[in-house]
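Computation of the quantities below employed the complete heavy-atom set of this structure, encompassing side-chain atoms and omitting hydrogens, waters and symmetry-equivalent molecules.
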Amino acid sequence: MAFRVWASAEEAQTGLAFLEGRLGVLPFTGDGSNRRQSTLAVLDLAKRFKGFTVNLPDGHEIVVSAELKSDGPATPAWALGEAISRLADTKRLVDMVESLQPSRRLRDTQHQSANAP
């Protein structure tokens, strides 16, 4: 799992920053009914988080993102605190996705797929 928070200098001055979390791969439904149920459970839970966007880009990753807005400039300390607070809100989703990941980590899968013929 990888998380990042960023803002351009202009966005930070206006109090705007962004959060993105790459949670892992979506369980493959062709692997049996248990995987299908797990996939549906992940998607159902992901829809429940207000203020987050959930995407499934190529590679079947589950990516959550959110805009972080401040009343003043977006300082690094504020952005980090806001990101931690938002991620705490999604802990249930993060834990569920992590429990469904294959034994080989996502970064290994990404490396292999990028080098596949």
Those residues that, when tested against T53, pass side-chain contact (heavy atoms from CB on, under 4.5 Å) (two or more places apart)
N55, S65

Side chain to side chain donor-acceptor pair (under 3.5 Å) partners of E11, counting only residues at least two apart
S8

Test of understanding: clusters of I, L, V, M, F, W, Y form through side-chain heavy atoms closer than 4.5 Å, transitively. Do L87 and L23 belong to the same one?
yes

Output all residues satisfying salt bridge (charged side-chain N to carboxylate O under 4.0 Å, His left out) with D71, sequence neighbours left out; order by chain, then residue number.
none

Qualifying salt bridge (Lys or Arg N to Asp or Glu O under 4.0 Å) pairs with a residue from residues 76-86, counting only residues at least two apart or across chains:
E82-R86

Shortest non-hydrogen separation from W78 to G15 and the atoms involved:
CH2-O, 4.3 Å

Quick one: pull up CZ in F52 and CG in L19 and give me the separation to the nearest 0.5 Å.
5.5 Å

Who passes ring pair (Phe, Tyr, Trp, His ring centres under 6.0 Å) against F18, sequence neighbours left out?
W6

Any residue meeting salt bridge (charged side-chain N to carboxylate O under 4.0 Å, His left out) with R4, in chain and number order, not counting sequence neighbours
E20

Hydrophobic cluster (4.5 angstrom, side-chain heavy atoms) - remaining members for L80
I84

Contacts of V54 that satisfy side-chain contact (heavy atoms from CB on, under 4.5 Å) - sequence neighbours left out:
A46, I62, V64

For G21 and F3 the tightest heavy-atom approach is CA-CD2, 3.4 Å

Group every Ile, Leu, Val, Met, Phe, Trp and Tyr by side-chain heavy-atom contacts under 4.5 Å, then state whether L16 and L68 land in the same group.
no

List the atom of G51, the atom of A66, and the distance in Å for their closest heavy-atom pair.
O-CB, 3.4 Å

